[in-house]
Amino acid sequence: EGPIDKVKTPDEIRDEPLPLLNEFEWCTVNVTNQDELEDVFVLLNENYVEDRDASFRFKYTREFFNWSLRSPGWKSEWHVGVRVRATGKLVAFISAIPVDLRVRNNAIRGVEINFLCVHKQLRGKRLTPVLIKEITRRVNKHDIWYALYTSGTVLPSPVSVCRYTHRPLNWSKLHDVGFTHLPSKTTKAQMLATYALPKEPVTKGLRPLQEKDLDEVHALFEKYQERFDLVQSFTREEFNHWFIGGEEQSQNTDPSKKVIYSYVVESPEGKITDFFSFYSLPFTILNNSVHQELGIGYLFYYASDADLAYSDRYDPAATAALKERLNSLINDACIIARNVKMDVFNALTSQDNALFLDDLKFGPGDGFLNFYLFNYKTFPISGGLTDDKSYDAQKRSNVGVVML
Ligand SMILES: Cc1c(C(=O)c2nccn2C)oc2cccc(OCCCNCc3cccnc3)c12
């Protein structure tokens with residue numbers, strides 16, 4: 001395990017951008033400029049990842065980009081675009097944000113690569129490898145040599161792979177748009193009853209995360225994360241950005257535009273015992289006359305003190321304690337997501353999710369998320385996959401990182 005390339009220094013890295021076809025030019029997108037942010041928003045909304053049947057396409061909002069592209073330490077030069085020289089039209093994009101990773105016992109200063117997108121009409125022109133080489137050059141120039149990225153497709157040597165899972169919140173809409181189907185010998189009424197949820201969350205002491213909680217929750221979270229082999233370590237400032245949502249979210253009042261939802265459980269003694277978060281990332285529905293959008297909540301990071309007293313997380317008593325706590329917490333996350341009009345709650349088989357996926361009725365999806373580390377070789381890390389579509393509490397994952 002360890003770095004693949006020999007260690008280099010920034011001055012060994014070329015200063016000029018990589019060559020492009022003459023009709024195109026490199027640009028650095030200034031995401032604090034609303035017009036340039038709009039270019040990214042339009043490019044991805046028309047050309048980013050779709051599901052296999054091209055029925056849905058990710059609908060990242062402007063607020064989502066302000067949250068995900070401007071985390072502490074963000075650099076405009078790492079928001080790399082390709083424009084058509086003659087028209088200025090943005091036709092490709094790729095981004096990097098700085099992260100502190102831990103892979104087993106190794107701390108790695110790296111970046112997370114995301115939002116790689118090439119306009120549909122420019123596919124097959126070998127733009128993707130050039131985008132990857134150019135963002136690598138710009139990151140190397142800042143003495144950073146490692147990167148974490150995910151992909152729905154299989155590329156050489158994933159560090160881990162997790163399965164998509166889905167918890168229907170609005171079963172009839174998912175059925176209308178063809179995301180879910182009516183099992184044989186089952187009525188719609190039975191499906192609605194299966195997925196019915198209480199009106200309000202039930203966990204005692206549950207409330208939204210507030211700035212005053214940050215030190216305590218950050219400490220609980222970093223302690224909880226120690227169990228995983230692949231994690232992102234957060235500074236206090238990063239924790240504030242990712243879970244309170246940065247100035248972008250604290251200013252905007254329109255609840256329908258919220259991106260990150262973070263909750264804590266406060267004990268009667270005033271101690272924070274648990275935390276969970278989920279983010280909103282809708283899908284545009286591509287071919288339905290009635291519904292335009294699918295509201296989706298994605299489970300993000302969470303932490304609990306339920307099993308911290310045990311030295312072995314696989315100790316049956318530790319597993320039972322954490323399982324009970326997570327079932328209560330994540331069921332409340334589903335209730336809150338349904339109350340803010342989300343239609344489905346998505347989670348992966350990563351983290352300790354195998355402890356609640358079955359009981360909370362998360363069905364296995366047909367997609368997989370592969371995790372990759374650039375320039376860093378590791379032994380495979382369990383992503384919580386089992387050979388059939390079930391979830392196994394005893395084989396739960398060692399992946400702690402959650403990518404947007
Ligand atoms: C994408 C996604 C989907 C769907 O495709 C989906 N849900 C409802 C309907 N559909 C078609 O379901 C998931 C469950 C867990 C985590 C996920 O994604 C994790 C975050 C994805 N990160 C970025 C990314 C983008 C494109 C391809 N791979 C990764 C997903």
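When a ligand or atom number is given, it counts from 1 through the structure's own listing order. Residues: numbered from 1 along the sequence shown.
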Student: Please determine which of Arg138, Arg137, Lys141 meets the salt bridge (Lys or Arg N to Asp or Glu O under 4.0 Å) test together with Asp15.
Tutor: Lys141

Student: Relative to each other, are the rings of Trp171 and His175 parallel, tilted or perpendicular (30° and 60° limits)?
Tutor: parallel

Student: Do other residues, nucleotides or ligands put more than 12 heavy atoms under 6.0 Å from Gln121 CD?
Tutor: no

Student: So, applying salt bridge (Lys or Arg N to Asp or Glu O under 4.0 Å) with Asp307, which one of Arg313, Lys223, Arg227 is it?
Tutor: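 That would be Arg227.
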
Student: Side chains of Trp145 and Asp143: do they bring a donor and an acceptor to under 3.5 Å?
Tutor: yes

Student: For each nitrogen or oxygen atom of ligand 1, which protein N/O atoms lie closer than 3.5 Å, and how far apart are they, rounded to 0.1 Å?
Tutor:
from     : atom 1 : to     : atom 2 : distance (Å)
ligand 1 : 7 (N)  : Asn346 : ND2    : 3.0
ligand 1 : 12 (O) : Asn346 : ND2    : 3.2
ligand 1 : 22 (N) : Leu404 : O      : 2.9
ligand 1 : 28 (N) : Tyr164 : OH     : 3.4

Student: When the ring planes of Phe278 and Phe276 are compared, do they come out parallel, tilted or perpendicular, using 30° and 60° as the limits?
Tutor: parallel

